[in-house]
Amino acid sequence: MDAPAQSLAPPALGPRGEEGRVFLIPERQQPDCEHLRKRVPRGRKGQDWSCALLAASLVGALGSSFLYGYNLSVVNAPSRYIKTFYNDTWPKRQGRSIDENTLMLLWSLTVSIFAIGGLVGTMVVTLIGKVLGRKYTLLANNAFAILAALLMACSQKAGSFEMLILGRFIMGVDGGIALSALPMYLSEISPKEIRGSLGQVTAIFICIGVFTGQLLGLPEILGQESLWPYLFGVIVVPASIQLVSLPFLPESPRYLLFEKHDQEGARKAFQTFLGKADISQEMAEALAEIRLQRNIRLVSVWELVKQRSARWQIITVVITMACYQLCGLNAIWFYTNNIFSTAGIPTEKIPYITLSTGGIETLAAIFSGLVIERLGRRPLLIGGFGLMTLFFGILTVTLTLQDKAPWIPYLSIVCILSIIASFCSGPGGIPFILTGEFFQQAQRPAAFMIAGTVNWLSNFAVGLLFPYIVEGLRTYCFLVFAAICLLGATYFYFVLPETKNKTYAEISQAFAKRNKENLPGEKAEQDRPNGLASSKLELESPTLDNGVQNKIV
């Protein structure tokens with residue numbers, strides 16, 4: 001549909017920023033509240049992927065979520081060589097050989113400190129993002145990746161296992177920042193028609209990173225005693241690619257508009273990412289979101305937790321992230337080699353068979369990205385956890401009866417691959433998308449801090465408690481994970497609204513009834529004669545409570 005002609009009427013006064021600045025909005029770009037409320041189609045029904053959107057998603061994910069996935073799997077292949085390195089280094093320091101308990105402690109610390117670093121990264125990302133913005137936070141994060149890669153790659157030659165452990169911690173900080181900054185960036189640069197598909201790029205590159213770590217860890221490549229440090233040095237390559245490519249792409253237009261009050265910069269960023277000159281509808285939707293907020297001061301975590309209007313969004317994000325980590329996928333990785341051995345696969349062939357799990361992950365994540373805008377977030381999330389519940393139950397039966405018939409272990413392998421595919425088709429990526437969609441601009445950094453904290457604490461809890469669960473329940477441990485998946489699917493069925501193709505304001509409205517709170521836009525509409533704002537009308541926001549009010553004239 002052609003854009004309407006430029007009005008000759010004087011420009012309207014938009015909402016004021018926290019510093020009193022007034023945005024001048026051309027008449028053609030004023031938010032059509034009636035249109036947004038009734039969902040009347042306007043403009044193109046579909047949305048093309050522009051070159052800038054593709055470049056931003058691929059480059060952003062390559063230097064962020066790819067590295068997270070890579071570091072999840074890269075320690076598995078060289079584990080015995082790393083333990084040998086600890087065995088050789090300890091006597092040179094202490095004059096005696098290392099005992100088994102100390103070796104196990106050092107190895108456990110090497111693996112689990114990644115989650116501790118991730119928690120630290122989640123805590124600092126809000127502060128960094130407030131100063132640098134979304135894009136430059138991703139760029140600055142590459143410094144952590146490159147530093148970590150150098151420490152880990154040089155640890156063997158330096159004879160310092162502390163360098164390896166410190167490098168894993170710093171890499172965790174990188175992952176914590178990346179898994180908050182990247183979904184925010186992708187959520188804010190994408191039009192609502194493809195926001196889910198673009199957001200799923202985060203999960204796709206996590207899976208590609210896991211698969212790449214498995215592939216490079218093969219004995220024919222870098223999985224050798226003399227080459228294992230280079231497995232960690234590879235991290236420099238994707239980090240450097242992002243470092244030299246991302247500066248040529250714009251900052252998030254919503255960040256520029258809401259937090260920097262740079263309307264012209266936001267307009268240019270929208271035009272670049274959407275690949276068109278007429279961005280009046282997108283600007284209207286963004287400015288309509290401002291109308292729902294009295295000011296644009298970023299809220300703290302504590303302020304967000306206290307807000308009644310965000311109560312069920314926070315609960316849903318917490319449950320989603322907890323289920324994401326506690327659903328039992330780590331248990332699958334623990335049992336994979338044992339199940340493959342029981343099925344009669346030679347030990348030396350198991351690393352190659354394990355590649356199939358990484359391949360299934362990647363294909364399932366790509367499938368989810370292709371269908372998420374057709375099926376929606378809700379069916380994929382509920383369906384994914386529901387199927388995991390089913391296959392966990394079948395896997396418990398097959399593992400219990402695996403000695404009864406020679407074909408039963410192969411059925412266990414099918415169950416493992418099915419669980420991985422079910423996870424990656426929905427639960428593996430949608431939690432990050434929902435965190436970006438549930439909250440308004442001023443709330444989003446705090447929301448990602450909450451989500452990231454739950455994510456990394458759950459990750460650490462699984463690493464700490466899982467060995468005891470396995471030791472106590474053996475194959476029946478999968479019933480625990482089946483119960484978690486079932487509870488998650490049930491909660492999402494009754495609580496989670498569909499967010500597909502909705503603006504941020506409409507998503508907030510979907511939660512308003514459950515939160516027992518009217519959105520400020522509703523109250524304003526009720527007080528407005530004929531939909532026009534009174535010159536003395538003040539928006540009363542349930543989202544902020546700092547005594548500063550904005551007026552719409």
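If you read the sequence from its start, that first residue is 1, and numbering goes on from there. Bear in mind that the values here come from a model prediction, so they are computed numbers and not experimental data.
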Hey, is the main chain of [Y] close enough, under 3.5 Å, to the side chain of [X] for a donor-acceptor pair?
X: S425; Y: S422; answer: yes
X: S57; Y: L54; answer: yes
X: S79; Y: N76; answer: yes
X: Q242; Y: V59; answer: yes

Are side-chain heavy atoms of [X] and [Y] found at a separation under 4.5 Å?
X: L218; Y: L355; answer: yes
X: L496; Y: L434; answer: yes
X: T316; Y: F511; answer: yes
X: I372; Y: I430; answer: yes
X: L106; Y: I165; answer: yes
X: L231; Y: Y70; answer: yes
X: R168; Y: N71; answer: yes
X: P183; Y: T435; answer: no

Are [X] and [Y] an aromatic pair by the rule of ring centers under 6.0 Å?
X: W107; Y: Y81; value: no
X: F432; Y: F448; value: no
X: F114; Y: F169; value: no

Under the rule for side chain to side chain contact (heavy atoms under 4.5 Å, CB included), what residues qualify as partners of L62, not counting sequence neighbours?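 Applying side chain to side chain contact (heavy atoms under 4.5 Å, CB included) to L62 gives F66, F205, P238, I241.
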Under 6.0 Å from the six-membered ring centre of Y493 and within 45° of its axis: does the NZ or CZ of R378 meet both? yes
To the nearest 0.5 Å, what is the distance between [atom1] ([X]) and [atom2] ([Y])?
X: K135; Y: L246; atom1: NZ; atom2: CG; value: 6.0 Å
X: F438; Y: I315; atom1: CZ; atom2: CD1; value: 11.5 Å
X: S252; Y: Y185; atom1: OG; atom2: OH; value: 7.5 Å
X: L103; Y: I82; atom1: CG; atom2: CD1; value: 11.0 Å
X: T357; Y: I420; atom1: OG1; atom2: CD1; value: 5.0 Å
X: L53; Y: S197; atom1: CG; atom2: OG; value: 11.5 Å

Please find the pair of heavy atoms, one from [X] and one from [Y], that lie closest to each other, and give the distance.
X: M449; Y: T122; value: O-CG2, 3.3 Å
X: F439; Y: A447; value: CD1-CB, 3.3 Å
X: M388; Y: C327; value: CE-SG, 3.6 Å
X: L67; Y: A239; value: CD1-CB, 4.4 Å
X: M123; Y: T453; value: CE-OG1, 3.8 Å
X: G209; Y: S73; value: O-OG, 3.9 Å

Just checking F144: does its CZ atom have more than 12 heavy atoms from other residues, nucleotides or ligands closer to it than 6.0 angstrom?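 Check fails, neighbour count at 12 or below.
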Tell me, yes or no, whether the heavy-atom count around E220 atom CD, taken from other residues, nucleotides or ligands under 6.0 Å, exceeds 12. yes
When the ring planes of Y491 and W312 are compared, do they come out parallel, tilted or perpendicular, using 30° and 60° as the limits? parallel
Any idea how F385 and F492 line up, ring-wise: parallel (<30°), tilted (30 to 60°), or perpendicular (>60°)?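 Plane angle under 30°, so parallel.
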Under 4.0 Å between a side-chain nitrogen and a carboxylate oxygen: does that hold for K192 and E506?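 Looking at E506 together with K192, the answer is no, because their closest N to O distance does not fall below 4.0 Å.
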Can Y86 and T102 be said to form a side-chain hydrogen bond (donor to acceptor under 3.5 Å, both in side chains), step by step? CA-CA 10 Å; Y86 291 170; T102 304; over 6 Å; no
Would you kindly say whether [X] and [Y] are connected by a side-chain donor-acceptor distance under 3.5 Å?
X: Q443; Y: Q307; value: yes
X: S458; Y: Q325; value: no
X: R377; Y: T499; value: yes
X: Q313; Y: N515; value: yes
X: S187; Y: E437; value: no

